[in-house]
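Report on the following structure.
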Amino acid sequence: MTLKEKFRILTEGAKYDVSCSSSGASRDAQKGRIGLTNVGGVCHSFTADGRCISLLKVLMTNNCIYDCKYCVNRTSSDVPRAMMSPEELCSIVMGFYERNYIEGLFLSSAVFRTPDYTMELLLETVRLLRQKYRFGGYIHLKAIPAASPELIEEAAALVDRMSMNIELPTSSSLKLLAPQKKKEAITTPMRQLSELYDEQKHSPSRTRTLIPAGQTTQMIVGATPDPDGVIIRLSEGLYRKFAMKRVYYSAYVPMGDPALLPMTPPNLLRENRLYQADWLLRFYGFEANELVPVNYNLPSDIDPKSDWALRNMDKFPVEVNDAPYETLLRVPGIGVKNAWRIREARKYTRLDYDDLRRMKVVMKRAKNFLTINGKFYGGSLNTDVIHSLLVLPEYKKAPAEQLRLFPEETPVLAAARQNRLLSESASESLTGEF
């Protein structure tokens, strides 16, 4: 098998892992080294099928000893198999980076032979990149469950971010679909990375910088009947217990045993609602028990913040010129930045409706939960009425057009151009007379 054929197989096998955000690394360029990271991390973008188009997203191998029913690389799956050596991977990474095709590396692997053997291969790859090839760019490494703590810590000293996918929300789901994996094999390295990260923050004199961008994880949504309430509570626990930077949610793509797994298309709306709820946990001061009961799903017709507000109408409306910052954060249509802008602007003036519009507050939602200088601009305080208003579609925008470097001339532009030419011609003739 040629290197090109291996590369095609191993990049295809990696595309379903979406937990490859690169935000959070903070390391300046170093003399004598190639590549750098910055405060915002490596720029990245996700395509519709989950591929990250700014990081080289690749597996070391897709040969796996496990038979996880939801995974395309499971041992019983009839797919082409391949494996690259650490040197082969390094040559590709450096070649792509020097051609400006990529800005960093997201490296994962199926479990080949044993967890420790696979982790050693991954560690050798990043060690070669850092020490032999002097690569100073961004590296996100997927840790292997059940690998030894010594290998995990050594890898943490070489990369910018590590992740360990929790995959399924409950132990019973894991036992059903991935019986060879144990919850403890996943959470133990998570706890280790959390402790290393926390120790580094409180010990600035440490000689080694460990995972400056922290750790992430991913959950598959829809492969099991676990409700959103369970998923959101698990995410809340991961943020609190393991100092998780991000929890990613991936709508299940049918590829497994129809007897155990649903064959319906990926529920992207549910995935989006989970991300919205996750954002409320991280930045808006909400708790999981406020957003959704444990055995229920988030509503599909409105966002979680609006749903919470409708269930707590006794707290609304609030006066925009007096409400505390924490209260403003809970008003639908007001984001973190706008809540801060409102708080700062109130130091100098009392805000009116037009001020909020200029701040880009989403007044379609916010006006139903606010008073502005004592005046209520919503249609009603009735929950059912507000709900019906919130689910109405937005006004239809004009269809988007492809931008052109040299746009076609419209009749209006043609007339304007003709008038300009006539004016210039007349000006030249007058200049000649004088």
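All residue numbers in this chain count up from 1 along the given sequence.
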Side chain N62, main chain L10, donor-acceptor under 3.5 Å = no
Can you find a side-chain donor-acceptor pair between K142 and N165 that sits under 3.5 Å?
-> yes
Tightest non-hydrogen contact, residues L176 and P179, listed as O-CD, 4.2 Å
Between the CD atom in E319 and the CZ atom in F376, the distance rounded to the nearest 0.5 Å is 12.5 Å
What closest approach, in Å, do A143 and M162 show between heavy atoms, and which atom pair accounts for it?
-> CB-CE, 3.6 Å
Cation-pi check, R330 to F286: give yes when NZ or CZ is under 6.0 Å from the six-membered ring centre and within 45° of the ring axis, no otherwise.
-> yes
Verify, without hydrogens or angle tests, whether R161 (side chain) and H140 (backbone) share a donor-acceptor contact under 3.5 angstrom.
-> no
N73 and C64 have their tightest heavy-atom pair at O-CB, 3.4 Å
Are a donor atom and an acceptor atom from the side chains of Y249 and D278 found within less than 3.5 Å of each other?
-> yes
Apply side chain to side chain contact (heavy atoms under 4.5 Å, CB included) to I372 and L356, showing your working.
-> CA-CA 9 Å; I372 307 171; L356 298 184; 3.6 Å; yes
Would you please say whether a donor-acceptor pair under 3.5 Å links the side chains of T224 and D226?
-> yes
Do L55 and Y138 touch side chain to side chain, with heavy atoms closer than 4.5 Å?
-> yes
Under 6.0 Å between ring centres, would you say that holds for Y325 and W340?
-> no
Write down the atom of L128, the atom of C90, and the distance for their closest heavy-atom approach.
-> CB-SG, 3.6 Å
Are L158 and L141 close enough that some pair of their side-chain heavy atoms sits under 4.5 Å apart?
-> no
Mind checking the CG-OG1 spacing from L122 to T61? Nearest 0.5 Å is all I need.
-> 10.0 Å
Candidate pair T114 and D116, rule side chain to side chain donor-acceptor pair (under 3.5 Å), full reasoning = CA-CA 5 Å; T114 67; D116 276 352; 6.0 Å; no
Residue pair V247 / Q218, side-chain heavy-atom distance below 4.5 Å = no
Is there side-chain contact between V93 and V58, with heavy atoms separated by less than 4.5 Å?
-> no
Any donor-acceptor pair under 3.5 Å linking the side chain of S173 with the backbone of P169?
-> no
Taking S235 for the side chain and I231 for the main chain, is one N or O donor matched with an acceptor at less than 3.5 Å?
-> yes
Taking every non-hydrogen atom, the tightest pair across N312 and W308 | ND2-O, 2.7 Å
Check whether any side-chain heavy atom of D303 lies under 4.5 Å from a side-chain heavy atom of R365, and answer yes or no.
-> yes
Within a radius of less than 6.0 Å around CZ of R357, do more than 12 heavy atoms belonging to other residues, nucleotides or ligands occur?
-> no
Pair R113 + E120: basic N to acidic O under 4.0 Å | no
Tell me, please, whether Y97 has R99 positioned over its six-membered ring: NZ or CZ under 6.0 Å from the ring centre and within 45 degrees of its axis?
-> no
In Å, rounded to the nearest 0.5 Å, how long is the span from NZ of K241 to CG of L234?
-> 9.0 Å
Evaluate the criterion side chain to side chain contact (heavy atoms under 4.5 Å, CB included) for residue pair Q180 and V111; output intermediate values, then yes/no.
-> CA-CA 12 Å; Q180 294 163 292; V111 181; over 6 Å; no
Do Y252 and L261 pass the side chain to side chain contact (heavy atoms under 4.5 Å, CB included) test, and can you show the C-alpha distance, the side-chain angles, and the key distance before you say yes or no?
-> CA-CA 9 Å; Y252 173 68; L261 293 158; 3.3 Å; yes
Are any side-chain N or O atoms of D67 and backbone N or O atoms of R74, one a donor and one an acceptor, separated by less than 3.5 Å?
-> no
Could you walk me through whether M313 and F369 pass the side chain to side chain contact (heavy atoms under 4.5 Å, CB included) test, one step at a time?
-> CA-CA 8 Å; M313 283 303 294; F369 305 95; 3.5 Å; yes
Under the 3.5 angstrom rule, does the side chain of T187 hit a backbone N or O of K183 as a donor-acceptor pair?
-> yes
Quick one: are V336 and Y284 in side-chain contact, heavy atoms under 4.5 Å?
-> yes
Is a side-chain N or O of R127 found less than 3.5 angstrom from the main chain of E154, in a donor-acceptor match?
-> no
Once you round to the nearest 0.5 Å, how far does CG of L298 lie from CG of D307?
-> 7.5 Å
Rounded to the nearest 0.5 Å, what separation is found between the OG1 atom of T118 and the CG atom of L123?
-> 12.5 Å
Can you check whether L168 reaches M219 side chain to side chain, under 4.5 Å on heavy atoms?
-> no
Might you confirm whether atom CG of D78 has over 12 heavy atoms from other residues, nucleotides or ligands at distances under 6.0 Å?
-> no
At their closest point, which heavy atom of Q276 faces which heavy atom of P304, and how far apart are they?
-> OE1-CD, 3.2 Å
Can you measure from CG (N272) to CG (L268) and round to the nearest 0.5 angstrom?
-> 9.0 Å
Output yes when a side-chain donor or acceptor of D160 lies under 3.5 Å from a complementary backbone atom of I139, and no otherwise.
-> yes
Give a yes-or-no answer on whether the side chains of D301 and H387 include a donor-acceptor pair shorter than 3.5 Å.
-> yes
Flag the pair Y70 / E167 as yes when at least one side-chain heavy-atom distance between them is below 4.5 Å, and no otherwise.
-> yes
Has the side chain of R270 got a donor or acceptor atom that lies under 3.5 Å from a matching backbone atom of V221?
-> no
Has the side chain of K57 got a donor or acceptor atom that lies under 3.5 Å from a matching backbone atom of S108?
-> no
Is the shortest distance from a Lys or Arg side-chain nitrogen in R233 or E236 to a carboxylate oxygen in the other one below 4.0 Å?
-> no
